[in-house]
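Heads up, the thing below is written out as structure tokens.
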Protein chains: 2
Amino acid sequence: MSGKRSPARRPTMKDIARHAGVSQSAVSFALNGRPGVSEDTRDRVRQVAEELGWRPSTAARALSGEGAATVGFVLARPADTLGVDSFFLQLVSGIQEVLAERHLGLLFQVVEDVADECAVYRRWWAEHRVDGVLVVDPRTDDPRPDLLDELGLPAVVIGGAPDERHPGLSTVWADDAGAMASVVDGLYALGHRRIVHIAGLPGLAHTERRIRTLRAEAGRRGLSEVRSVTTDYSDAEGAAVTRRVLEDPAPPTALIYDNDVMAVAGAAAAAELGFSVPADVSVVSWEDSALCRMVKPWLSALSRDSAEFGRTAARELTALVDGGSARAVRVPVPRLVERGSTGVARGV
Amino acid sequence: MSGKRSPARRPTMKDIARHAGVSQSAVSFALNGRPGVSEDTRDRVRQVAEELGWRPSTAARALSGEGAATVGFVLARPADTLGVDSFFLQLVSGIQEVLAERHLGLLFQVVEDVADECAVYRRWWAEHRVDGVLVVDPRTDDPRPDLLDELGLPAVVIGGAPDERHPGLSTVWADDAGAMASVVDGLYALGHRRIVHIAGLPGLAHTERRIRTLRAEAGRRGLSEVRSVTTDYSDAEGAAVTRRVLEDPAPPTALIYDNDVMAVAGAAAAAELGFSVPADVSVVSWEDSALCRMVKPWLSALSRDSAEFGRTAARELTALVDGGSARAVRVPVPRLVERGSTGVARGV
DNA sequence: CGGTGATCCTAATGCGCATTAGTCACTAAT
DNA sequence: ATTAGTGACTAATGCGCATTAGGATCACCG
């Protein structure tokens, strides 16, 4: 056996050129499908490259203007809010599927807030690190689209409604408004008149959209005891808000939670207060995951295909990076999966 | 207002040189703390760089031999197993904290299996994309250390015991054996004699380590009805195995689950079968998270600081990349947080 | 007053690749 | 038979940075 194995050296185009007995430019032409070499030579070069296990250095590629072959993804959430969120891992896993096919890397970063996120975009841009970014958690007053415009960095906004002020950004979104309307429809049909929506972070575009829709739907039906309460998405706040609203003299008969974590925590809190689900109070989760099937009764939930969401977003971004023009893509409205946590309102 | 804003151009060292009235090399010296420029010039250059918002192009840096300023992280898990895992997000968030300080990027990829993972390492190496990698889920018969040795790619193995055959790899691990011993100690003291360990994926180093330790501890105390069952970490298998073992004529009085997801699902399954927790059966989760406090009774759990785990691993990797030598670092043994799911064994 | 270092800079080179501008041999056309 | 044209290459250049090899200027010493 040999002793210490010397770390392998990366083969370069020069090595290929030497082995194949051609110039380095010929290798470049051959490998990139450019004209200027005969088919014979092209094949030979390809074969040598294969044998040597050559891969283009992304650094060199990026330097000669070809882009970094990488896209960025920033998650702006305080570290302690990261908890048990199934949505993002699913999303990322979908994103990866598409990127991997095209050998694009995913640069990932977790930061505290949107200001930091903007700083990251600036840095990535200046450092020539990414060809585009995926933006999540769009806000009602969001500095990111302007910044990305300014930097000329291709971007896809995930989960935000299209914004005509930023024609350069692609958008992938679900129609929360429609989903909210259908949930309210369903609850109304079951006799529910007092409904509380335990929403997510205030300022997020989809939070506000859901709140607005709920208010509109309530108004349309003349329901005065329908409202939204914003939270930080944590199980703690989900439970706390649940306790608070159920201790009201006229407690709601239905609760809509903006994510699975709060729904589960809220259902548990309700049970502790002596409220039976769904006899006393119905519960709907705006995110489906294994979590919803870990409690009894299983939670009715709005189910969407988060991985597919990610795939779609990644596809849009690659299209944009390749020079395509921005589009607004709608993914299917989440579907309500009825389980044991929703039922006829008490007293109907 | 101006019409279409032209996308900003990235400033380069040449721009700085021009503005500061010095040569490009002087700029390089100044900015990198190399000798060869006066303090005056250095300050002036720094200021101009600041004004222009200059950041070094990682591509160019990497090309001139400085490394890619990026580390890699591959998660080899079938997409559908990704579910509700809190450990990885916490871990990644800790990793990021350390990397962000040093302006290192994190290249992240999800793949199906270890073979794909190896392919990713090869590609990253050949493409010059990363300076080092973080390896998770070490296995008993693992091809990755050999590969990383061969490529000369600095790496930190997270969660594996040190392996003297790979002196080039750093290791960050917790003493699962000690933790397992203490859990068994505790259960034994409460009178438990029939214990089932619902373990994670077979082949993972820490799974096997826990199984071995459990067997050893049982042997030491002459307990014959103690065993481990491996699973895929999913809530479904956790529940299924729980049902199977509890339907035994002599069911266990204590269950140890290798993660929080299975523990919660298992506790629910036990309840459905009419087993009361902890009166009929005690439950311990080998991972603490919000999940453990979403069910009643709250689950006793082995709690560790996953973010700190990540920080430690990232620090070791940066040290390694900077030319330091490999080390084996032990993080604190997870601490058992006693909640409502563990109690005196039935009939004691 | 010529030499000897320091000090502070500039010029030039290379990293791995894409690309543009030649070069050369050979064929078709005038 | 000279020229224009074409196919198949090679040489040379630049991307943005680090680095090495050279100047130029000045102070100090014998």
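Just so we're on the same page: letters track the sequence lines, and every chain starts at 1.
Of the candidates dT19(C), dT19(D), dC9(D), dT19(D) carries the atom nearest the S28(B) side chain, counting heavy atoms from C-beta on.
Taking atom CD of residue E39(A) and atom C1' of nucleotide dC9(D), one finds them 15 Å apart after rounding to whole Å. Here dG16(C) presents its C1' atom at 15 Å from NE2 of H128(A), a figure rounded to the nearest Å. Going from atom CD of E127(B) over to atom C1' of dC15(C) covers 17 Å, rounded to whole Å. Atom CG in L63(B) sits roughly 11 Å away from atom C1' in dA18(D) (whole-Å rounding). Between M13(B) atom CE and dA18(D) atom C1' the separation is 8 Å, expressed in whole Å. Between the NZ atom of K14(B) and the P atom of dT10(C) there is a distance of 15 Å, rounded to whole Å. Protein atom CZ of R18(A) is 17 Å distant from nucleotide atom C1' of dT10(D), rounded to whole Å.
Nearest-nucleotide mapping onto DNA chain C: of R10(A) and F29(A), the residue sitting toward the 5' end is R10(A). Comparing V37(B) and L31(A) by the nucleotide of DNA chain C whose heavy atom lies nearest to each, the residue mapping closer to the 5' end is V37(B).
Although no hydrogens or angles enter the test, the distance criterion places a donor-acceptor pair under 3.5 Å between the side chain of T70(B) and the main chain of A68(B). Using modelled atom types, one side-chain atom of R42(A) and one backbone atom of R34(A) make a donor-acceptor pair closer than 3.5 Å. A donor-acceptor pair under 3.5 Å is absent between the side-chain atoms of R330(B) and the main chain of V172(B), judged by distance alone.
Between D131(B) and P154(B), the shortest heavy-atom contact is O-CD, 3.1 Å.
Using a 4.0 Å cut-off between a side-chain N of Lys or Arg and a carboxylate O of Asp or Glu, R46(A) and E39(A) do not qualify as a salt bridge.
Listed by residue number, T41(B) are the residues of residues 40-61 of chain B with a heavy-atom contact under 4.0 Å to DNA chain C.
Between dA18(C) and R34(A), no contact under 4.0 Å exists linking OP1 or OP2 to a side-chain N or O. Of the side-chain N and O atoms in T12(A), none sit less than 4.0 angstrom from OP1 or OP2 of dG16(C). Residue S64(B) has no polar side-chain atom (N or O) positioned under 4.0 Å from OP1 or OP2 of dT19(D).
Between the base of dA18(D) and the side chain of S25(B) there is no donor-acceptor pair shorter than 3.5 Å.
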Counting only pairs under 3.5 Å, give me each side-chain donor-acceptor contact of residues 317-327 of chain B, with atom names and distances, residues two or more places apart or in other chains.
from, atom 1, to, atom 2, distance (Å)
T318(B), OG1, A314(B), O, 3.4
T318(B), OG1, R315(B), O, 2.8
D322(B), OD2, R102(B), NH2, 2.9
R327(B), NE, E316(B), OE1, 3.3
R327(B), NH2, E316(B), OE2, 2.7

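The CD atom of Q24(A) lies 8.0 Å from the NZ atom of K14(A); values are rounded to the nearest 0.5 Å.
Using a 4.0 Å heavy-atom distance criterion, G65(A) is classed as making no nucleic acid contact. Nucleic acid contact class of Q24(B) (heavy atoms, under 4.0 Å, all strands): base.
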